[in-house]
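Report on the following structure.
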Number of protein chains: 2
Amino acid sequence: MTEDPAASTAPARAAYHHGDLRAQLIAAVRELVETHGPDGFSVAEAARRAGVSSAAPYKHFKDRPAILRGVVSEAMDRLRAAMEAGAASYPAGSIEAVAAVGRAYVSFARAEPGVFRLVFGLTEGHETAPDLQSKGERCFGVVVRAAAACLGLPPENSDVQARAYMLWSFVHGHSFLTIDKKSNVASDRIDDWFYLLTVSGAILGLPIRR
Amino acid sequence: MTEDPAASTAPARAAYHHGDLRAQLIAAVRELVETHGPDGFSVAEAARRAGVSSAAPYKHFKDRPAILRGVVSEAMDRLRAAMEAGAASYPAGSIEAVAAVGRAYVSFARAEPGVFRLVFGLTEGHETAPDLQSKGERCFGVVVRAAAACLGLPPENSDVQARAYMLWSFVHGHSFLTIDKKSNVASDRIDDWFYLLTVSGAILGLPIRR
DNA sequence: TGCCAAAGTGAGTGATTCTAACATATGTAA
DNA sequence: TTACATATGTTAGAATCACTCACTTTGGCA
């Protein structure tokens, strides 16, 4: 019982008492949410996978929603990092950079549909979570900056903000429809990259590349 | 105990044994989902509100997810009816009719954010629910027909399908971002009707009215 | 070394989902 | 009208879960 190397997908059980249980719990919950759906997760099962008693999680999280919020917070960090990496992989100010932000968004939703749904389906305790709110705004900020650079306008410009919001709406909706498998008729036939380029160009008012 | 007129918001208790429990349960669950969030609902509470024992619901629904699916099914009927009514309130083939479909969509999300989230957040038993799948496709069909009429092309045309999908993505994303209160900075300032007209026009390739 | 706080355990409470066995009302056919 | 089959309800109970409390163990620190 000193070691348990086959503990789900968590890298390893560090120690009997001291291990970084908090991170391991978040990883376990993320996995559960991904496989069993956002509401098919239980604190008891997560604790079981982490190899601790069912009361241990409450030393690190106040509540069941608090655990969910931890997962969401971590996921939003990764999402924003992916968006920024997408923007950085193309010349600053190019429309390709804008589309790459959207592409990163859709890719994240495809790779982790359960977590993605959780991020934008969290309602309980949402009002009392200023850090999640601010992280959401930072994600939006990535879109705003890319659009601003592309348009040659300051990010505070209202037109930039509006166009960034439209871009985000489209990409957000496309992500949801994709993972929901609704209307796969059109979704499957679509090359996302071309679509994102097309729509980004149209929304930003730039000529569309063919 | 023959009458119980103050039973939540359900119109009235029809009879002791015979009442239309199924419809009343769906109404109670819809209400619970709306007030306490999609996962803050319990079969026991719904039964309590309908004035029956906690085992009664299982005579009408196989499962907890089955009840949710019943609510979703009913909601999708209403959503489609609202979209069709929106389209019908403007001349057939007009861009205003297309935008009205989107407006109905956003209005529904605003009016019933909990149910809306449930409709597109349902994952459990989703694969074994062909009626929900077909209802989703019928909703998409409303968009397709409006776009086809506007473009003067048959609904089966692939360009029509793709543009309809883009329209739906945008409207869907806008709905979600609106009810999630993310990035209210831009969302609040927006006149939806003008936006929908603008985007609809851009996506359909028609001149944008100013 | 001795003490304190952090971190984990085990048992227990109340609520939940769902099943099983039983009771009652409704509709149909003799 | 009576008798049966079925739909619809009930109570009781098993299994699970969220969460709390009292207790124990461990690591850090003066």
Side-chain angles (χ1 to χ4, degrees), chain A residues 1-4 7-8 10 12-29 31-33 35-71 118 122-125 128, chain B residues 1-4 7 10 12-29 32-33 35-71 118 122-125 128:
Chain A
M1 205 191 268
T2 53
E3 280 186 338
D4 190 352
S8 97
R13 266 293 277 301
Y16 175 75
H17 187 195
H18 175 63
D20 57 340
L21 182 57
R22 195 191 143 95
Q24 265 182 255
L25 278 175
I26 287 187
V29 170
E31 192 179 320
L32 280 171
V33 164
T35 56
H36 295 81
D39 32 357
F41 126 85
S42 71
V43 178
E45 176 67 21
R48 217 171 290 134
R49 294 205 176 193
V52 295
S53 79
S54 67
Y58 296 96
K59 297 290 177 177
H60 294 269
F61 299 95
K62 170 185 168 290
D63 231 347
R64 183 183 193 273
I67 304 183
L68 273 284
R69 254 178 280 137
V71 174
L118 185 68
L122 214 61
T123 52
E124 43 198 350
T128 64
Chain B
M1 204 192 268
T2 54
E3 282 186 337
D4 190 351
R13 269 289 280 300
Y16 174 74
H17 188 195
H18 175 64
D20 56 340
L21 183 56
R22 195 192 144 95
Q24 263 181 255
L25 278 175
I26 287 188
V29 169
L32 280 171
V33 163
T35 56
H36 296 83
D39 33 356
F41 125 85
S42 71
V43 178
E45 175 68 20
R48 217 171 288 132
R49 293 206 178 192
V52 294
S53 80
S54 67
Y58 296 95
K59 298 290 176 176
H60 295 268
F61 300 95
K62 170 186 168 290
D63 232 347
R64 186 183 191 273
I67 303 183
L68 272 293
R69 254 177 281 138
V71 174
L118 185 68
L122 212 60
T123 52
E124 43 198 351
T128 64

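- Residues I67(B) and V43(B) meet the side-chain proximity criterion, which asks for heavy atoms closer than 4.5 Å.
- As a whole-Å value, the separation of K59(A) NZ from dT24(D) C1' is 11 Å.
- Atom OH of Y58(B) is separated from atom C1' of dG13(D) by 14 Å (rounded to the nearest Å).
- If you measure from atom CG of D20(B) to atom C1' of dA7(D), you get 15 Å, rounded to the nearest angstrom.
- Looking only at side-chain heavy atoms (C-beta outward), V71(A) and V33(A) stay at 4.5 Å or farther from each other.
- Considering only the side chain of R64(B), dT17(C) comes nearest among dT11(D), dT9(C), dT17(C).
- Regarding D39(A), its CG atom lies at a distance of 12 Å from the P atom of dA18(D), rounded to whole Å.
- Proximity of L32(B) to R49(B): side-chain heavy atoms (C-beta onward) are separated by under 4.5 Å at one or more points.
- Nucleotide dA20(C) holds its P atom 13 Å from the NZ atom of K62(B), rounded to whole Å.
- For A56(A), the side-chain atoms get nearest to dG8(C) when compared with the rest of dG9(D), dG8(C), dT17(C).
- Closest heavy-atom contact between A66(B) and F61(B): O-CD2, 3.8 Å.
- Where A55(A) and R48(A) each meet DNA chain D at their nearest nucleotide, the meeting point lying more 5' is that of R48(A).
- Atom P of nucleotide dC19(D) and atom CG of L25(A) are separated by 14 Å, given to the nearest angstrom.
- When the nucleotides dG8(C), dC17(D), dC18(C) are ranked by their closest atom to the side chain of L21(A), dG8(C) comes out on top.
- When each of S54(A) and H60(A) is assigned the nucleotide of DNA chain C bearing its nearest heavy atom, the one mapping closer to the 5' terminus is H60(A).
- Across all strands, S42(B) comes closer than 4.0 Å only to sugar-phosphate atoms, never to a base (heavy-atom distances).
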